[in-house]
Amino acid sequence: MARYTGPLTKKSRRFGVDLVGGDSAFERRPYPPGMHGRARVKESEYRTQLHEKQKARYTYGVLEKQFRRYYEAAHRKPGKTGDNLLRLLESRLDNVVYRAGLARTRRHARQLVTHGHFLVNGVKTNIPSFQVSKHDIIDVKPKSLETTPFIVARETHDSDVVPGWLDVSPDRGRILVHQSPVREQITVPIQEQLIVEFYSKI
């Protein structure tokens with residue numbers, strides 16, 4: 001399964017935002033990597049739009065071809081294309097596991113999903129890009145509940161960071177999807193309109 005496996009801290013510094021979550025290396029050096037990292041960069045409209053698209057890609061761990069498909073699907077849906085795009089990305093199974101607080105990072109959530117630890121509506125699902133829908137029930141497999149990642153998740157779970165469109169029972173390892181996320185509930189620092197403008201030109 002294709003995915004970006006390179007250093008995310010480097011990308012975080014390139015785009016000026018923590019793509020990992022709690023990245024201490026980024027906090028220490030919040031400027032672009034390389035010998036010219038602190039040099040003045042000539043800004044342009046295209047560069048700003050491209051950076052916003054790349055930031056979204058690396059945040060959700062999606063390669064270019066797949067990200068383009070997300071954009072095309074969002075464009076076909078009624079409503080604002082940018083809002084639809086973020087809603088599709090937020091509804092990925094790996095992101096839902098992360099947002100529910102059952103994984104430290106989106107990369108960690110992706111690994112847990114691919115290792116087959118989750119059931120969606122009672123069916124084993126190991127595809128990180130699986131789109132969850134309203135009223136879906138996501139459960140940690142009973143055999144997996146007592147493994148280290150989920151024991152740690154239970155002990156460190158913070159219900160205050162769980163978005164309103166999800167209901168999480170960490171002791172049971174259960175996530176209930178109340179609704180599709182709305183833009184106000186998506187807290188990633190992405191200006192989706194710049195992404196729409198980028199794709200509208202190519």
Query - Heavy-atom check, side chain of I151 versus side chain of R154, under 4.5 Å - result: yes
Query raised in the report: Of all heavy-atom pairs between H178 and K134, which one has the smallest distance, and what is that distance?
Result: O-CG, 3.2 Å
Query raised in the report: For the residue pair F198 and Y46, does the interplanar ring angle fall in the parallel (under 30°), tilted (30 to 60°) or perpendicular (over 60°) class?
Result: tilted
Requested in this report: Measure from NZ or CZ of R106 to the centre of the six-membered ring of Y60 and say whether it is under 6.0 Å with the direction within 45° of the ring axis.
Outcome: yes
Report task. May I ask you to say whether K80 pairs ionically with E192, meaning some side-chain N is under 4.0 Å from a carboxylate O? Result -> no
Query raised in the report: Could you walk me through whether F118 and T125 pass the side chain to side chain contact (heavy atoms under 4.5 Å, CB included) check?
Result: CA-CA 6 Å; F118 291 94; T125 307; 5.8 Å; no
Query raised in the report: Which pair of heavy atoms, one from T114 and one from P128, lies closest together, and at what distance?
Result: CG2-CG, 3.5 Å
Query raised in the report: Are a donor atom and an acceptor atom from the side chains of Q54 and R57 found within less than 3.5 Å of each other?
Result: yes
**Report entry** Pairing of R183 and E90 as salt bridge, 4.0 angstrom limit
**Finding:** no
**Report entry** side chain to side chain contact (heavy atoms under 4.5 Å, CB included) partner of I138, the single match among L176, V177, L119
**Finding:** V177
Report task. Quick one: pull up CG in D94 and NE2 in H108 and give me the separation to the nearest 0.5 Å. Result -> 12.5 Å
**Report entry** Which atom of D139 lies closest to which atom of I137, heavy atoms considered
**Finding:** OD2-CG2, 3.7 Å
Report task. Assess whether side chain to side chain contact (heavy atoms under 4.5 Å, CB included) is satisfied between W165 and V96, documenting all intermediate values. Result -> CA-CA 10 Å; W165 57 286; V96 170; 3.8 Å; yes
Query - Heavy-atom pair with the smallest gap, counting every atom of I175 and A100 - result: CD1-CB, 3.5 Å
Report summary line: Heavy atoms of S129 and Q66 approach each other most closely as CB-NE2, 3.5 Å
Query raised in the report: Is there side-chain contact between H157 and V162, with heavy atoms separated by less than 4.5 Å?
Result: yes
Query - Q131 side chain near R92 side chain, heavy-atom distance below 4.5 Å - result: yes
Query raised in the report: Is the gap between the ring centers of F150 and H117 under 6.0 Å?
Result: yes
Query raised in the report: Looking at CG of D171 and CG of L145, how far apart are the two atoms once the value is rounded to the nearest 0.5 Å?
Result: 9.5 Å
Report summary line: Taken to the nearest 0.5 Å, the spacing of E197 CD from T81 OG1 works out to 11.5 Å
Query - Heavy-atom pair of closest approach, residues A56 and I195 - result: CB-CD1, 3.8 Å
Query raised in the report: Would you call E72-R69 a salt bridge at under 4.0 Å N-O?
Result: no
Query - side chain to side chain contact (heavy atoms under 4.5 Å, CB included) between L166 and Q185, intermediate numbers included - result: CA-CA 10 Å; L166 299 176; Q185 296 170 316; over 6 Å; no
Report task. Test L88 against Y71 for side chain to side chain contact (heavy atoms under 4.5 Å, CB included), laying out the working first. Result -> CA-CA 9 Å; L88 288 171; Y71 172 79; over 6 Å; no
